[in-house]
Amino acid sequence: MNHWLMKSEPDAFSIDDLKRKKREAWDGVRNYQARNFMRDGMRPGDKVFFYHSNCAVPGIVGIAEVASDAYPDPSQFDPESKYFDPGSSRDKPRWMLVDVKFVKKLKRTISLDEMKNDPALAEMPLLRKGNRLSVMPVDAAHWKYILALE
DNA sequence: GCCAACGTTGGC
DNA sequence: GCCAACGTTGGC
């Protein structure tokens, strides 16, 4: 089983939104590397750190679980959607997504600041300078370590 | 709101 | 295939 981290802006979709809806199609990813992680790396049952970005205290706020295999992101075909991609087609869909389901909220936010200041986490992809990926893998060791911080 | 660090696009 | 221009992400 693999572990992941997925970013979301809480103003757009927060951990509380996922808790309320229980399950959500993770649409709108328009980065090839992030797509490849979802398409090629994720399997149902994989665990996910839910990360809030672009907010007062960015950090890990909860845990989710991959709830489907990857399938074409419907929003790429919808001209009304802001995620519409005229370069994609139903024959050859460019963008894939997975469903994720709510597992739990952490008792507290494991903030980006805290992780940045922890030498044990220095090698996390999340903390690499300039990393803007919204979907990325998490080492099993880092996963375990962060859970213990809660 | 600013801007650094990217990724993508398109002219050549 | 290079690279300048442009758009986006996301911390601050």
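Just so it is clear: chains get the letters A, B, ... in the order the sequence lines come, proteins before strands, and each one is counted from 1.
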Would you check if A/M115 and A/I110 make a side-chain contact, meaning some heavy-atom pair closer than 4.5 Å? yes
When A/D113 and A/R132 are each assigned the nearest nucleotide of DNA chain C, the 5'-most assignment goes to A/R132
Any heavy-atom pair between the side chains of A/D73 and A/R30 that's under 4.5 Å? yes
Terminal axis angle for the helix from B/dG1-C/dC12 to B/dC12-C/dG1, five pairs an end, nearest 10 degrees: 10°
Pairwise side-chain contact, A/L147 with A/I63, heavy-atom cut-off 4.5 Å (strictly under): yes
Close side-chain approach of A/M96 to A/P72, heavy-atom, < 4.5 Å: yes
Strand contacts (DNA chain C) in residues 49-59 of chain A, 4.0 angstrom heavy-atom criterion: A/Y51, A/S53, A/N54, A/P58
Donor-acceptor under 3.5 Å (A/Q76 side chain, A/R94 main chain): yes
What about the rings of A/Y71 and A/W95, do their centers lie closer together than 6.0 Å? no
Side chain to side chain contact (heavy atoms under 4.5 Å, CB included), that's the test. Do A/D17 and A/K19 meet it? Break it down for me. CA-CA 5 Å; A/D17 293 326; A/K19 184 177 184 181; over 6 Å; no
Going by heavy atoms in the side chains, are A/L126 and A/L133 under 4.5 Å from each other? no
A/N36 (side chain) donor-acceptor with A/Q33 (main chain) under 3.5 angstrom: no
Looking at DNA chain C, which of residues 88-99 of chain A put a heavy atom within less than 4.0 Å of it? none
How would you give the extent of chain A contacts on DNA chain C, as first and last nucleotide 5' to 3' within a 4.0 Å heavy-atom cut-off? C/dG7 to C/dC12
Between A/S53 and A/E9, is there a side-chain heavy-atom distance shorter than 4.5 Å? yes
Residue pairs passing the side-chain hydrogen bond (donor to acceptor under 3.5 Å, both in side chains) test where at least one lies in residues 135-146 of chain A, sequence neighbours excluded: A/D118-A/Y145
With sequence neighbours excluded, residues passing salt bridge (charged side-chain N to carboxylate O under 4.0 Å, His left out) with A/D113: none
